[in-house]
Amino acid sequence: MTEKPLKEVRKLPPCRAACPAHVNVQAYVALIQRGKFNEAVEVIRRDLPFPAICGRVCFSPCEDACARVNLDQAVAIRALKRLVADIEREQGRVVAQPVPKKYSEKVAIIGAGPAGLTAAYELAKLGYPVTVFERMAEPGGMMRYCIPDFRLEKFVVANEIAYIKDLGVEIKTGVEFGKDITIESLKKDGYKAIFIAIGTQTGMKLNVPGEDLEGVINAVDFLRAIALGKKITVGERVAVIGGGNTAIDAARTAKKLGAKEVMILYRRSREEMPALPHEVELAEKDGIKFYFLVAPKQIIGENGRVKAVECLRMRLGEPDESGRRRPIPIAFSEHQYEVDMVIPALGQVVEESVLPPELLSKDKRGPPLQVDPLTLETNIPGVFAGGDVATGPASIIEAVGAGKRAAISIHRYLRDEDLRKDRDEEKIEETTWVKDWRLLEKKERRYEPPIEKPHLSFEEAKAYLEKLKRQARFEAFRCLGCGPCAECLASMELCEGDKAVVDESKCVGCNVCAVICPVGAVKKNEKGVAQVNEELCKGCGLCAARCPERAISMQKLSNEQILTMILTALER
Amino acid sequence: MSQDSHPPRIVCFMCNWAFCEEEMRIPYNVDVIRVMCIGRMDPALVLETFIKGFEGVMLVGCKPPDCHFVDGNLHAERAVKMLKKLLALAGLEPERLKLLLVAPLEERAFSHYAKEFSEEIWRLGNSPLKKDEFIANLTAAKEAASAFRLRVLLGREEELTEFMNAYGEKIPEEEFDALLDDVVKAEYIRYKIHYLTRIKPRSVKELAQILGLKPFAVLRHITNMRRKGMIALDRVEGYTPLYKALEVR
Ligand SMILES: Cc1cc2nc3c(=O)[nH]c(=O)nc-3n(C[C@H](O)[C@H](O)[C@H](O)COP(=O)(O)OP(=O)(O)OC[C@H]3O[C@@H](n4cnc5c(N)ncnc54)[C@H](O)[C@@H]3O)c2cc1C
């Protein structure tokens, strides 16, 4: 890995700073610009073992942070990631070289969701023997068992997990923590560190009468049953209760499985829905109906089966601790929806029964597990925890970030190093160099990569792929490249990062450099001479080309260097 | 068409971000030198390329709004405008220098542009200048482009024409152009005088003859140059003072 450790590059562009896994967005987008698609995937994989998965279902905090929103819209980062990952996979599976074991300390990871798998990936890269214990038959966690196939195909998940196994990670499935293994048994088996990443598997209950009627099934249980290939008869009329992405996934799945009518009942209004607007739109396209400001009071049955949900209307009061307005029931507003299936989708909670009680928080309102947010240490030495289990239901990319942090902590713990000192996570600072937005031109985002692949002949497919690549490159060129120089192609050795240096004895303080510098990296200092801020300098060389006294030169591609290249060309 | 049967030697300075390597077919008479941004080309280096013997120089950068450094491409445009004035003064066809700004995904291949330019240079043929004259003129042009006055003007152009100067005025583009014309011409002549008097001490009359200028115009430049420490009186032969160049740092 040739990339500089974060320590030295502290200033990150907004996209990378916003990403919990700090994926080097600017670098891979720059590679896409240059048509280097496979190299782009390699760059993504340095920070994230799931390029194709995140290319499909990541919530993309990078796009929310993208500096381009000041101008028009964010760069289509997620879609670009998906395209490069798909192109790579379709060339045949990339097999990783196993990493030689450098250390002898065995590490146990519990739970093969994104958090656990990422920790395993990072620790294997460092040279540790790692074993992942997973209760289900297949690894992948929610990515494998809850996110429906039409958003994230199972073979995509399997493919990216296979890459992690290639590195030498052992995954043992069908092993349940709390039953087959415990912290004590793992320690006895010689594991020197443990990472608990069991996520939140239990769907929250509605806590209304009638919840145990036949035809009531929790969203995660429903989705999991389908992922397991179980026969599930969906009703004709289905009510999904909740406003998050899980609700949307359950509703769309029910519809796709043949339900005539699917409705989502949510107790607040559309604005407060935690589901992504894009997902809501897709659900509406699928014909799913939304009823807002309604909450179930009871489920009414007939012969033990669901017949209807009775709801109360709600109004919104003052904002609660989550910042959203609290729903308040309106008296005597009972009304019924005739349904034969009810899917509560209110979120998930930690399965506390499998965990040692000393790990659980005393305060039931806060996060379920007591962990140090920076180091992910629990109150048992050598035991770490992260991902949904520590934060409550969140996202894949946050779980990946937690996995990376856990790997660093475990490495330091096993090497007897200070867990807190100089953590890269604490040094990240966001920066964008754009001095004057008025100088930039709008280029609207038009990129809409196709989701379905058309059926094409071999020849047509080739032309189609070329078209896709061209569109992607076009979109990639919308990136402003706001990070410092080392952020982009330098990391692939496609170009050498350069820096301007000032010869103070020659500088007369005319200020031409400061005016010319596009990133505001050159300023006159208190001595009245030009000074280059190395963290900001992108090495374009404009200042060196214009300095009236030629007091500025470039560290790598100096004028002398260019002259040598000219002479070499001449002698050719 | 030139008498020579060999195609002209051409250097193309190219922005790192323009055209992908894989997609480039480079004609064998062309050499590509990659730089971070085309605005990074020091004007003096471009003239040096001609002095070294290349017959055409092409600068390739990115079309607005795709410059990775916001307006490096516009800086290149300004430099090329000045360089073309200098080339014309030096007696070399300004068409030998070309700036090409391309879109990120250019429809046409690099080889197309390179060939087109090669043919243009081939049509121009050999330099119209004799060898000594060529070296003298281009060296003067290069030195003018390396000196403070032109560089500061170039460096300030954007500020002066697009924003405000220190007095809160914005200079119209044409006015700036006329100013640039004057400064380029004056600087070129001074550095030519400097070059000539470096070889041997010369009189105003002799210099006027070589430069095709009126003696009083030469004298005015010499007065200015003496003030800046570029030139000094060497000796007086009869009644004629001879001037000799001083080393400029
Ligand atoms: C329906 C749905 C849709 C979602 N959609 C998205 C989305 O589009 N984008 C996004 O970013 N996030 C999405 N999420 C959230 C995301 O899937 C989770 O935040 C993420 O998977 C959490 O990762 P994790 O590793 O912490 O836990 P999990 O993915 O839950 O993995 C935990 C693993 O531990 C295993 N395990 C549990 N208990 C034990 C035990 N006792 N012994 C052994 N193994 C055990 C589980 O079987 C599981 O494999 C969605 C979640 C759901 C439910």
Side-chain angles (χ1 to χ4, degrees), chain A residues 30 33-36 433-436 439-443 470-471 473-474 476-481 485 488-489 494-498 506 508 510-513 515-519 538-550 554 556-557 559 561-563 565-570 572, chain B residues 9-13 15-17 19-23 28 30-45 48-49 52-54 57 62 64-72 74-76 78-79 103-105 146-156 158-159 162-163 249:
Chain A
Q33 291 178 351
R34 308 296 287 291
K36 297 201 174 281
W433 51 256
V434 180
K435 269 199 305 195
D436 189 346
L439 293 179
L440 300 174
E441 250 176 70
K442 280 194 187 186
K443 281 203 271 182
R470 227 182 136 74
Q471 283 172 346
R473 288 180 61 188
F474 213 85
F477 271 109
R478 291 181 64 242
C479 173
L480 297 169
C485 163
C488 62
L489 300 180
L494 280 180
C495 105
E496 283 185 74
D498 212 342
K506 285 192 189 162
V508 294
C510 70
N511 218 34
V512 163
C513 48
V515 174
I516 281 235
C517 177
V519 302
K538 287 163 77 92
C540 67
L542 291 178
C543 56
R546 285 294 176 279
C547 175
E549 293 291 349
R550 294 187 151 187
M554 300 310 291
K556 299 221 170 101
L557 196 62
N559 281 358
Q561 212 94 45
I562 298 178
L563 190 59
M565 287 158 90
I566 296 170
L567 292 173
T568 319
L570 195 68
R572 184 175 65 101
Chain B
R9 292 298 305 270
I10 286 163
V11 161
C12 172
F13 296 104
C15 166
N16 244 337
W17 307 92
F19 291 114
C20 263
E21 284 95 29
E22 292 92 280
E23 291 164 7
Y28 79 96
V30 177
D31 280 274
V32 174
I33 296 178
R34 289 277 185 176
V35 291
M36 268 294 199
C37 172
I38 202 57
R40 188 256 172 277
M41 277 317 291
D42 194 310
L45 268 177
E48 185 73 45
T49 313
K52 291 289 183 252
F54 284 94
V57 176
C62 310
D66 279 301
C67 177
H68 269 242
F69 304 101
V70 188
D71 54 358
L74 304 184
H75 286 302
R78 294 186 193 107
L105 294 173
S146 313
F148 189 86
R149 199 158 164 230
L150 263 187
R151 293 175 78 89
V152 91
L153 196 59
L154 201 57
R156 284 267 154 81
E158 180 188 24
E159 199 184 354
E162 289 184 22
F163 304 108
R249 64 167 170 100

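Letters A, B, ... are given to chains in the order of the sequence lines, protein chains preceding strands, and every chain is numbered from 1. Since we're looking at a predicted model, the values are computed, not measured.
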**A/Asp498 and B/Arg40, any side-chain heavy atoms less than 4.5 Å apart** = no
**Request:** Any chance you could lay out the side chain to side chain contact (heavy atoms under 4.5 Å, CB included) test for A/Met565 and B/Arg34, step after step, and finish with the verdict?
**Result:** CA-CA 10 Å; A/Met565 287 158 90; B/Arg34 289 277 185 176; 5.9 Å; no
**Prompt:** What are the two closest non-hydrogen atoms of A/Ile566 and B/Leu45, and how far apart are they?
**Reply:** CD1-O, 4.3 Å
**Message:** For a 4.5 angstrom cut-off between non-hydrogen side-chain atoms, does B/His68 reach A/Cys540?
**Reply:** no
**Request:** Without swapping roles, check the side chain of A/Arg34 against the backbone of B/Trp17 for a donor-acceptor pair under 3.5 Å.
**Result:** no
**Request:** Kindly give the heavy-atom pair with the smallest separation between B/Pro43 and A/Ala545, and that separation in Å.
**Result:** CD-O, 3.7 Å
**Contact origin within A/Arg470 toward chain B - heavy atom pairs under 4.5 Å** = both
**Complete:** When every non-hydrogen atom of A/Phe477 is compared with those of B/Asp66, the smallest separation belongs to O-OD1, 3.6 Å
**Item:** Heavy-atom check, side chain of A/Arg550 versus side chain of B/Asp42, under 4.5 Å
**Value:** yes
**Message:** Return the CG to CG distance between A/Leu542 and B/Asp71, rounded to the nearest 0.5 Å.
**Reply:** 7.5 Å
**Prompt:** Is it the side chain or the backbone of B/Val57 that comes within 4.5 Å of chain A heavy atoms, both, or neither?
**Reply:** neither
**Asked** Between A/Pro518 and B/Val70, which heavy-atom pair has the shortest distance, and what is it?
**Response** CB-CG2, 4.2 Å
**Prompt:** Which heavy-atom pair separates A/Arg546 from B/Ala79 by the least distance, and what is that distance?
**Reply:** NH2-CB, 3.4 Å
**Option that, when pairs with chain A are counted at under 4.5 Å, heavy atom only, ranks first among B/Ser146, B/Ala103, B/Ala147, B/Cys62** = B/Ser146
**B/Val35, part contacting chain A, at a heavy-atom distance under 4.5 Å** = both
**Request:** Would you mind reporting whether B/Arg156 and A/Asn511 have side-chain heavy atoms less than 4.5 Å apart?
**Result:** yes
**Prompt:** Is any side-chain heavy atom of A/Pro548 less than 4.5 Å from a side-chain heavy atom of B/Arg149?
**Reply:** no
**Prompt:** Any side-chain heavy atom of B/Met36 sitting closer than 4.5 Å to one from A/Leu557?
**Reply:** no
**Request:** Check whether any side-chain heavy atom of B/Phe69 sits under 4.5 Å from a side-chain heavy atom of A/Ile516, and report yes or no.
**Result:** no
